[in-house]
Amino acid sequence: MNNGGEPKGEGKALPLDDVGRLVELLAASGVGEIRVRQGELEITVKAKPEATTLAAAPPPVGTTVEPLPHAALGSGTSSLEARAEAPGTNGLHAVRSPVVGTFYRAPAPGEGPYVEVGDTVRAGQTLCIVEAMKLMNEIPSDVSGEVVEVLAENSGGVEYDQPLFHIRPEA
Amino acid sequence: MNNGGEPKGEGKALPLDDVGRLVELLAASGVGEIRVRQGELEITVKAKPEATTLAAAPPPVGTTVEPLPHAALGSGTSSLEARAEAPGTNGLHAVRSPVVGTFYRAPAPGEGPYVEVGDTVRAGQTLCIVEAMKLMNEIPSDVSGEVVEVLAENSGGVEYDQPLFHIRPEA
Amino acid sequence: MLKKVLVANRGEIALRVIRACRELGIRSVAVYSTADADSLHRLLADEAICIGPAHPSGSYLNIPAIISAAELRGADAIHPGYGFLAENARFAEICEACNIKFIGPRSETIALMGDKVSARRAAAEAGVPVTPGSDGPCRNAAEVKHVGAEVGYPLLIKASAGGGGKGMRVVRSEGEVDAAYTSASREAGAAFGDGSVYAERYLEKLRHIEVQVLADESGVTAAFPERDCSVQRRYQKLLEESPAPGLPEGAREGMKKAAASLVERLGYTGAGTVEFVYSGGEFYFIEMNTRLQVEHPVTESVAGVDLVAEQLRVASGEGLSVSGEVPGRGHAIEFRINAEDPRRGFLPQTGPVEFYNPPGGPGVRVDSHLYAGYKVSPYYDSLLAKLIVQAETREAALRRGARALDEFAISGLDTTLPLHLAILEDEDFRRGGVYTDFLAERELTGAGAGLPRLAAVGRPHA
Amino acid sequence: MLKKVLVANRGEIALRVIRACRELGIRSVAVYSTADADSLHRLLADEAICIGPAHPSGSYLNIPAIISAAELRGADAIHPGYGFLAENARFAEICEACNIKFIGPRSETIALMGDKVSARRAAAEAGVPVTPGSDGPCRNAAEVKHVGAEVGYPLLIKASAGGGGKGMRVVRSEGEVDAAYTSASREAGAAFGDGSVYAERYLEKLRHIEVQVLADESGVTAAFPERDCSVQRRYQKLLEESPAPGLPEGAREGMKKAAASLVERLGYTGAGTVEFVYSGGEFYFIEMNTRLQVEHPVTESVAGVDLVAEQLRVASGEGLSVSGEVPGRGHAIEFRINAEDPRRGFLPQTGPVEFYNPPGGPGVRVDSHLYAGYKVSPYYDSLLAKLIVQAETREAALRRGARALDEFAISGLDTTLPLHLAILEDEDFRRGGVYTDFLAERELTGAGAGLPRLAAVGRPHA
């Protein structure tokens with residue numbers, strides 16, 4: 001979902017603050033492992049195996065069960081897959097859909113989209129609409145920052161918790 | 001919960017405080033593993049795997065299935081139980097039954113046993129009889145040494161591969 | 001035939017519906033909460049869609065999310081399973097309004113039978129015996145006393161909107177009426193938002209007997225051999241069997257005819273269950289469940305009919321494959337395996353299933369969403385698996401049940417498996433025809449009683 | 001009733017017998033090799049005893065070890081299952097001599113029917129049609145030519161002691177007889193220690209149909225609806241169903257009557273199967289299996305009879321619970337799930353089972369010794385599980401089979417699961433009545449064909 005730690009490199013003292021931040025990040029994020037390497041410095045933080053989806057997976061004791069639940073999908077319909085990709089998207093924040101419905105980038109047909117990639121948005125600013133049962137739900141951004149990517153297709157269905165936008169939060 | 005990598009340090013003092021802080025961090029956070037490497041220094045801290053209860057359960061894939069069957073028996077009829085003890089009986093050799101049948105310590109009713117605890121036996125010397133389908137199978141010792149323990153009960157049934165005697169082999 | 005059915009449920013019943021859909025060539029859409037991402041119903045359906053967070057109010061009870069999912073995926077019908085929205089008349093109405101077929105009776109029928117007072121009246125009008133008592137709600141304690149004077153004490157005060165024992169009071173004499181009326185009404189108001197109560201004669205030694213029915217849109221109905229669901233714990237059924245042991249033929253016939261006549265009068269469609277109490281040689285209507293029930297496999301086993309397939313056929317506008325009084329063969333018993341510790345007040349258990357060995361062999365059916373590694377979550381009900389055994393006679397079914405329970409292993413958490421083995425060893429139960437107070441009256445949960453042997457394998461150090 | 005039965009087998013069939021014993025209140029003794037210490041048959045039996053090393057010759061085929069185990073544990077009978085010692089007349093004789101009831105027919109009957117020439121003769125004497133051919137063994141090539149002149153070519157030369165296609169040659173004209181006779185006789189001698197062969201007309205487009213029979217010691221017999229076992233691979237059955245699709249009523253009746261008459265003439269006791277080929281509207285006796293068969297659950301499903309319980313009753317000196325022509329209901333299909341890779345010439349697979357999800361729900365039976373974590377060893381046959389489905393019609397059974405196969409997951413090793421799904425999709429198979437060359441004639445093993453969805457889950461990188 002995100003890494004933290006801007007490792008300083010060079011210095012003599014261990015960058016323990018950075019490690020601490022990584023650990024906090026890991027615990028809060030539910031990510032399985034964080035590894036940072038810069039120059040000679042490398043920091044790896046991993047989740048306890050049973051804390052992730054791993055334990056939920058069928059039996060394989062002691063071996064890599066990781067891919068199982070995701071692989072199970074096949075059809076690519078799940079938010080989990082997007083979530084699984086997240087660790088790659090460094091430092092980005094995902095705005096997720098709070099409802100099941102149809103994703104619209106614009107307030108009405110024929111109008112321009114609420115936001116485009118590259119726009120800077122404020123927390124609370126409407127990013128899109130998800131329509132469910134004729135109800136137009138305006139979805140606000142929960143952070144301020146730059147819109148990096150639109151993850152859902154206009155007029156397409158979205159699931160609960162599906163990532164809709166990637167935002168690079170302001171520092 | 002242990003650290004790994006005994007960093008050589010070449011004159012430099014080991015950064016034990018750092019390791020301690022990493023361990024605390026690990027324990028407090030519930031994270032599974034922390035590894036830090038800087039130049040020649042590498043510190044790895046891993047959480048203790050939650051394996052205890054797991055391994056006791058049947059499925060263990062590809063690993064020690066050992067404990068399972070014993071518990072299953074309950075009745076104590078299996079040779080496997082005795083086998084499980086074996087590793088504890090340091091340096092002793094178990095002579096096992098090559099057949100299913102009835103265990104007799106003496107050549108015939110009323111006669112003395114082939115061997116007693118404390119006797120010294122030669123490899124090839126008969127230790128007992130296991131009777132199967134009226135056939136008297138003389139069971140020889142497969143090592144030379146001292147009889148330390150008789151493991152089966154006279155006139156009782158023995159399974160295939162069940163330990164019958166413990167022998168301390170000659171040096 | 002329907003083309004695509006959304007299954008608005010989870011666990012074993014979602015699997016049950018998905019299986020029936022696949023056998024009929026209907027596409028299935030699973031909905032799941034974030035807590036159920038690794039669940040078999042999600043994995044086995046043709047499509048799956050995440051509809052909300054773990055808590056059911058945001059997911060499996062979230063009507064807009066479910067309707068929206070059905071519209072997104074183009075489902076032409078919704079199967080509600082049991083529990084959650086299965087008897088929610090408003091949900092059925094919304095489905096109807098959205099042109100999505102609700103697999104069950106019409107919303108008015110659900111509403112009518114959901115209110116105990118109107119259900120009682122409908123039953124009486126269809127000539128079905130109801131427990132002697134008030135005609136409608138009792139508006140005050142005086143009306144309860146009138147009923148008492150007419151039918152005698154003890155009386156039972158029940159919530160009109162009730163269920164699960166809430167808003168229910170036993171009154172042993174007129175002097176107790178005032179206090180009981182007030183507290184029952186208050187409790188009913190708090191639990192159901194409707195404080196109305198009614199009164200009926202309180203029957204003591206009673207059995208819970210029910211009749212499965214089916215009806216199609218052309219008015220053809222079918223009534224199946226009765227089920228005995230008297231083994232309960234706090235109004236929760238634990239074990240069901242069919243036919244009911246030792247019931248006089250007249251009572252059997254009477255209940256089936258009564259159920260059929262109620263269904264006909266209601267213009268019912270789909271699957272339903274008419275529940276009766278049987279006491280002192282008489283039977284009385286309690287309520288009608290306008291949905292599939294947990295224990296439907298008992299009937300499927302004796303009758304050789306796939307009830308969910310029949311539901312799907314009826315919802316497709318096709319006719320039933322059976323009609324009238326459907327004959328049964330042999331005897332079937334269902335054991336509900338719950339994640340509850342019967343030795344500690346049925347405390348719900350959660351956590352990962354370590355070793356899982358469902359029983360096999362002849363006459364054994366298992367409906368379950370478990371697998372080794374599955375995590376039992378605290379958000380949903382505790383039913384882990386249903387074991388159904390069938391054999392030529394009740395005696396053979398009891399032996400088969402004991403055999404199957406014995407090889408059923410679920411390790412990592414406590415379940416009702418040992419309790420079921422203890423029940424099968426109980427002499428009164430073996431004789432057949434126990435009353436609903438059967439479990440309350442005895443201590444079947446003592447340590448060591450009926451421990452299945454493979455469950456022990458999974459926990460060698462226990 | 002017997003008190004204690006030793007089960008001289010392993011895997012699913014040992015479990016099957018243990019289950020039947022438990023349901024009848026008979027104590028069971030499992031025997032196991034050192035390779036099977038973690039097997040369910042050992043864990044689920046009332047007692048277990050290790051009888052030898054992994055290799056079957058030292059354990060499951062080790063007669064002294066098995067008899068000794070039975071004596072040690074005081075078993076009053078031995079059930080041999082199928083395979084191993086099940087049709088070993090000497091073993092049956094030793095059991096008889098040791099006063100241990102062998103659960104099967106008398107040793108003479110096993111010996112008589114174990115020799116193909118004497119079995120053919122016995123069948124002919126009972127008025128059962130046999131393939132036109134030699135009366136007894138052909139002592140030289142000239143005798144084979146006599147048969148050819150009489151019944152016509154092509155001819156089939158078969159080993160008297162044969163089985164599994166060994167010592168078998170097809171001869172298309174008289175000119176081929178000499179070479180074929182010599183090589184068949186040599187191969188039979190090498191394989192069975194008995195080089196004698198006989199000759200019969202070679203039938204081409206044929207179906208394998210068989211009739212399950214039971215007989216008790218008082219001479220009561222029962223014949224069940226026929227099974228069609230034509231889906232084979234190198235004489236190994238892969239899928240069996242009952243009844244045989246599209247068979248004329250006369251042929252069905254004829255086979256059942258023929259089987260019953262053979263059983264009566266033999267004074268048979270216990271369970272057995274009379275096998276026929278069906279070709280060009282005629283049926284001919286092939287052989288009789290004097291034991292329980294792998295595919296017996298197909299018959300149990302349609303007839304509602306527990307065949308193993310019947311075996312145990314007969315061995316206890318009790319009467320059969322059925323007699324005459326036992327009626328069936330609906331249609332049943334068995335799928336053999338083997339640890340073989342159908343895409344690589346059915347190469348046997350070994351190793352641990354990682355994820356295991358047997359199917360559930362209505363009309364599904366699984367007989368298997370697997371569990372998640374079980375290690376498939378290279379020492380024994382490759383049968384992992386039998387999936388049996390039952391439904392009202394063949395069409396419904398096919399759909400149920402596809403549904404159940406689809407949710408059957410065995411990960412960690414390749415199995416015949418995808419092959420079965422491909423078979424169910426084959427048009428000729430769906431039409432019914434395929435010949436024994438069905439699998440040889442088509443490519444059903446192409447990548448991607450019929451991959452069960454949960455098996456894919458278990459192997460995400462496959």
Side-chain angles (χ1 to χ4, degrees), chain C residues 12 15-16 18-25 40 43-46 296-297 300-301 304-309 321 329-330 354-373 385-386 388 390-392 396 398-404 406-407 409 453-454 456-457, chain D residues 12 15-16 18-25 40 43-46 296-297 300-301 304-309 321 329-330 354-373 385-386 388 390-392 396 398-404 406-407 409 453-454 456-457:
Chain C
E12 70 85 18
L15 281 187
R16 175 71 189 88
I18 290 165
R19 286 167 173 155
C21 286
R22 178 148 304 136
E23 292 185 16
L24 291 175
L40 284 183
L43 300 175
L44 284 172
D46 292 311
H296 76 276
E300 295 186 321
S301 295
V305 172
D306 183 330
L307 293 171
V308 182
S321 74
R329 172 171 175 172
E354 288 166 8
F355 181 49
Y356 181 61
N357 188 66
V364 168
R365 166 176 171 186
V366 177
D367 277 43
S368 175
H369 55 295
L370 291 197
Y371 54 81
K386 305 187 309 201
I388 304 98
Q390 204 255 340
E392 283 298 292
L398 294 175
R399 289 192 309 248
R400 182 156 283 169
R403 182 278 282 178
D406 194 63
E407 63 187 70
R453 75 185 67 201
L454 267 179
V457 172
Chain D
E12 70 84 19
L15 281 186
R16 176 70 189 87
I18 290 164
R19 286 167 172 154
C21 286
R22 178 148 305 134
E23 292 185 16
L24 291 175
L40 284 183
L43 299 174
L44 284 173
D46 293 309
H296 76 275
E300 295 186 320
S301 295
V305 172
D306 183 331
L307 292 170
V308 183
S321 73
R329 173 173 176 172
E354 288 165 8
F355 181 47
Y356 181 61
N357 187 69
V364 168
R365 167 176 171 185
V366 177
D367 278 42
S368 175
H369 54 296
L370 291 197
Y371 54 81
K386 304 188 310 199
I388 303 99
Q390 204 254 341
E392 284 297 290
L398 294 174
R399 289 192 310 247
R400 181 156 284 168
R403 183 277 284 178
D406 194 62
E407 64 187 69
R453 74 186 66 202
L454 268 178
V457 173

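This is a predicted model, so every value here is computed, not measured.
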With chain D, which of C:A20, C:S301, C:G304, C:G361 has the greatest number of heavy-atom pairs at distances under 4.5 Å?
C:G361
Please look at C:P358 and chain D and tell me whether the side chain, the backbone, both or neither of the residue comes under 4.5 angstrom of a heavy atom of that chain.
side chain
Does D:R403 have any salt bridge (Lys or Arg N to Asp or Glu O under 4.0 Å) partners at least two apart in sequence or in another chain, and if so, which?
C:E23, D:E407
Best-contacting candidate, C:P362, C:G360, C:A391, against chain D by heavy atom pairs under 4.5 angstrom:
C:P362
With a 4.5 angstrom heavy-atom cut-off, could you sort out which part of C:E392 is near chain D: side chain, backbone, both or neither?
side chain
Under 4.5 Å to a heavy atom of chain D? For C:R19 that would be both
Side chain to side chain donor-acceptor pair (under 3.5 Å) against C:Q390, all qualifying residues, sequence neighbours excluded
none
Side chain, backbone, both or neither of C:L370 within contact of chain D (heavy atoms, under 4.5 Å)
backbone
Which heavy atom of C:Y356 sits nearest to which heavy atom of C:A372, and what is that distance?
CB-N, 3.8 Å
With respect to chain D, which residue among C:R399, C:R365, C:R329 yields the maximal number of heavy-atom pairs within a distance under 4.5 Å?
C:R365
Distance-only, no hydrogens or angles: does the C:R16 side chain make a donor-acceptor pair with backbone N or O of C:P297 under 3.5 Å?
no
If you compare all heavy atoms of D:V364 against all heavy atoms of D:P359, which two are closest, and at what distance to 0.1 Å?
CG1-O, 3.8 Å
